*Asks:* 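Take a look at the following structure, please.
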Amino acid sequence: MTPAPVIIAIDGRSGAGKTTLAVELAARLRMHHKVSLFHLEDIYPGWNGLAAGIERYITTVLAPLRHGDAAEWVSWDWEKHYDGRSHVTLPAEIVIVEGVGAAASGARPMLDAVVWVDAPDDDRRHRAMARDGSSYEPFWDSWAAQEDEWLETDDVLDHTDVRVLNRADGDAPDDALQALNYLPSLSPVLAPELSARRGLQLKAEQIDATPDAAALFQALYAKSTNAVWLDSSNTSSNRGTASDAAAERSRFSILADDGGSFGQAVMHSSGATRISAGCATVETTGPFFRWLETVWGRKALRAPEGYDCEFTLGWLGYLGYELKRETGGSDVQSGTPDAALLFAGRAVVIDHRDAAVWLLAIDAPDAGEWLGLAREAVLSAASPPQGAGTPRHSAGDPAVGSGTVAPEFSSRDTEDEYKSKIIDAQLQITEGNTYEVCLTTTVTAPDPGLDPWESYLALRKRNPAPFASYLRFGDLTVASTSPERFLRITSDGGMRAEPIKGTRGRANDPVIDEALRRGLESSLKDRAENIMIVDLLRNDLSHFAVPGSVTVSRLCVVESYATVHQMVSTIDARLRPGAPRAEAVAAAFPAGSMTGAPKISTMDILDGLESGPRGVYSGAIGYFSLNAATDLAVVIRTLVMGPDGDGGRTLSLGVGGAITADSTPQDEYDEIRTKAFGVLSALGAEFPTT
């Protein structure tokens, strides 16, 4: 008897392509393992024998293999319509069983993984007829009826680990293997496959060009279901100061989707992580940050020579506020995914300072073709406009509202309700339960028919910001104009947080505008708010920092943006060598500037004060790079456009401010209106009056 094998069942209805997938998957696994393959069609006792065949398979094939014994079974003679020859299937390191019923309820306790293969009904019938010809055609309907009868009583789909939508384009085996790598039950045996995926090579190309980033994004990703643009949209000085720190934040823009050989997307909600790799989808359970640690934090790719950006391909997207359940907060359900990321195996990085574009791609059979297409798109987007006075693609786009009905927003809290919550927060401060409460509310509107892309162009034009971003995950769009960095960890372990606390609106009159800036700069209340968050973040970073490395390099510095002045501080530290990087991110999440201090007790207070989840708002947007670097922004000044459950779409904007013992309810309410102005005005909308 040999050790018990790892058994993978490939199930699905007839004609879905299970056999081809099983054979191709076995061929790939045989590069590192001994693999046995069993086809259930060899054991079904006739065209009416689905149920009997499943029983035979479980008792005579699966049961002995599960124990590491050889399986002796009798095949069916399809010409004589009777039992045929005897066969033996030997156990191996990996056994693949394939066919309708391979993952039936009686079989599942003996399986390590279940793959369900599906295809449109017309495609399935066509494939089955093409494979088996006239011998199958008279029995298609009766066999399909047996499948229906089995599926009515067996919840196999609810126990599927990997789902494959087989388009018969040759991608299914690689996509399925990529998905299987995420299953904890298979990770020990698939260690060679995982190691091979870590031995990646980066192809890079530099182009001296200054393309219109919006035009380039549209050229490459307009049709992509999932795409991300981390957009340093205030690359040119518009109004206000441009400090060295602000210039550093605004140097690079990153454009990517989840296309190509290595492309993936992940959605996490309430402890379940769903990963899509091409046509295959796998779902695992467990904390998100634990999953993140398995896919990020090791240095898998080095940056090319002369390339200064910390992003060398990897994961991009957002982490939602409700992930706080994993970092000391309570469990609150959100209407949007708690995290949405895509894996970019190829991307475009624009270096605004050096007027250069970098094309990055993991070496793969399709890398050369993509590099050619991307190069052409970059040069086209960098070409001068055709005809005198012709506007560039993005710079001349009109604000939303010029030809569209403006959305009508309503607030989760009326003015009186929000002011009442401010007083309740101050009561918590008086009783010693907290020092500072970052109270938020949400304004929402039914979507009157806005185009998400045009809406973002309007936002970035009206309110440019160093951490602006446009995220598209299917029917969910996130359009952000955030100025605030949450956390950066460089490849060599440098850590930086740059919290914002203290905001004033801008004025058209330069004298008044300067008075507003100086008023913020000298405000004792705003400085106190900022310093409290600085202390909180010093503590957050210290959990994984080299002792003595935490420093405050800037304290309460005023930076000016298109619609607001903001008070910013900078905390630096050095990550301990070997420290788990995903845990270091989790230790600081969510951003203290969005909770208050102390963080954990204040989050509990906020759950009681606020009337619903924050969702994407108050979370983080950015990347997790294959060189172990990350750069994340706080999700503020952000419009979320998502499905409303009735076939329409809802617009959502979160706003809030820090409440201290010295806060004045009217001033705090006026501040959230100021913070909302940049987004709402770009949509032609106003802050709700009730």
Side-chain angles (χ1 to χ4, degrees), residues 167 169 207 209-233 252-265 267 276 278-279 313 316-318 340-350 357-361 366-367 369-386 390-400 402-404 447 449-461 468-481 621 623 638-643 649 651 682-683:
R167 304 184 184 94
D169 56 4
I207 303 172
T210 55
D212 181 315
L216 180 57
F217 185 87
Q218 280 293 84
L220 290 172
Y221 307 122
K223 297 181 180 179
S224 301
T225 301
N226 304 315
V228 168
W229 177 14
L230 302 183
D231 169 28
S232 296
S233 61
F252 298 103
S253 292
I254 301 169
L255 300 77
D257 72 354
D258 59 348
S261 299
F262 290 90
Q264 300 170 54
M267 298 281 185
S276 298
C279 66
L313 302 178
L316 308 99
Y318 78 79
L341 301 171
L342 63 82
F343 183 85
R346 54 201 195 186
V348 178
V349 179
I350 302 175
V357 177
W358 286 85
L359 308 181
L360 308 177
D366 57 356
E369 180 183 2
W370 180 82
L371 287 169
L373 292 172
R375 186 185 311 116
E376 182 180 341
V378 168
L379 296 176
S380 177
S383 299
Q386 298 298 315
T390 303
R392 296 291 293 260
H393 179 275
S394 61
D397 286 332
V400 173
S402 58
T404 307
D447 182 9
L450 299 180
D451 179 89
W453 174 245
E454 294 297 332
S455 298
Y456 177 65
L457 294 182
L459 289 178
R460 76 188 295 264
K461 182 179 179 181
S469 57
Y470 178 77
L471 317 180
R472 182 171 63 236
F473 289 95
D475 53 8
L476 174 66
T477 299
V478 180
S480 179
T481 57
I621 290 175
Y623 65 73
T638 298
L639 180 70
V640 178
M641 310 176 74
R649 191 165 54 191
L651 312 179
L683 304 177

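These numbers come from a predicted model, not from an experiment.
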*Asks:* With sequence neighbours excluded, tell me which residues meet side chain to side chain contact (heavy atoms under 4.5 Å, CB included) with D366.
*Replies:* S261, R346, A364
*Asks:* Can you pull the salt bridge (Lys or Arg N to Asp or Glu O under 4.0 Å) pairs that have at least one residue in residues 371-382, sequence neighbours excluded?
*Replies:* E205-R375
*Asks:* Please list, chain by chain and in numerical order, all residues satisfying ring-ring contact (aromatic ring centres under 6.0 Å, His included) with Y221, sequence neighbours excluded.
*Replies:* F217
*Asks:* What pairs with S224 under side-chain hydrogen bond (donor to acceptor under 3.5 Å, both in side chains), at least two apart in sequence or on another chain?
*Replies:* D257
*Asks:* Show the nearest heavy-atom pair for residues A367 and A361, with the distance to one decimal.
*Replies:* CB-CB, 4.2 Å
*Asks:* Ignoring hydrogens, what is the shortest heavy-atom contact between L220 and A377? Give both atom names and the distance.
*Replies:* CD2-CB, 3.8 Å
*Asks:* Evaluate the side-chain proximity of I254 to V228: yes if any heavy-atom separation is below 4.5 Å, no if none is.
*Replies:* no
*Asks:* Working to the nearest 0.5 Å, report the span between CG of N226 and CG of D258.
*Replies:* 4.5 Å
*Asks:* So, taking the atom named CG in L371 and the one named CG in L359, what distance separates them when rounded to the nearest 0.5 Å?
*Replies:* 6.0 Å
*Asks:* What pairs meet the salt bridge (Lys or Arg N to Asp or Glu O under 4.0 Å) rule with one or both residues in residues 213-224, with sequence neighbours excluded?
*Replies:* none
*Asks:* Which residues satisfy the side-chain hydrogen bond (donor to acceptor under 3.5 Å, both in side chains) test with D475, sequence neighbours excluded?
*Replies:* none
*Asks:* Of all the heavy-atom pairs spanning I350 and P211, show the shortest one and how long it is.
*Replies:* CD1-CG, 4.2 Å
*Asks:* Can you name the nearest heavy-atom pair linking G345 to F262, along with the distance?
*Replies:* CA-CB, 4.2 Å
*Asks:* With sequence neighbours left out, write down each residue that passes side chain to side chain contact (heavy atoms under 4.5 Å, CB included) with M267, or none if nothing qualifies.
*Replies:* P337, A340, F473
*Asks:* Are the side chain of S232 and the backbone of F252 linked by a donor-acceptor contact shorter than 3.5 Å?
*Replies:* yes
*Asks:* Nearest 0.5 Å please: distance from the CG atom of L651 over to the CG atom of D447.
*Replies:* 4.5 Å
*Asks:* Kindly write out the residues that satisfy ring-ring contact (aromatic ring centres under 6.0 Å, His included) with Y318, not counting sequence neighbours, or none if the list is empty.
*Replies:* none
*Asks:* For Y623, check ring-ring contact (aromatic ring centres under 6.0 Å, His included) against everything at least two apart and list the hits.
*Replies:* F311
*Asks:* Could you tell me whether the side chain of R460 reaches within less than 4.5 Å of the side chain of Y470, counting heavy atoms only?
*Replies:* no
*Asks:* With a 4.5 Å limit on heavy-atom distance, are the side chains of Y456 and D231 in contact?
*Replies:* yes
*Asks:* Could you pull out the closest heavy-atom pair between P452 and R649, with the gap in Å?
*Replies:* CG-NH1, 3.3 Å
*Asks:* On a heavy-atom basis, which atom in V378 and which in L216 lie closest, and how many Å separate them?
*Replies:* N-CD1, 3.7 Å
*Asks:* How would you list, by chain and number, every residue that makes a side chain to side chain contact (heavy atoms under 4.5 Å, CB included) with S469, sequence neighbours excluded?
*Replies:* L230, L471, S480, I621
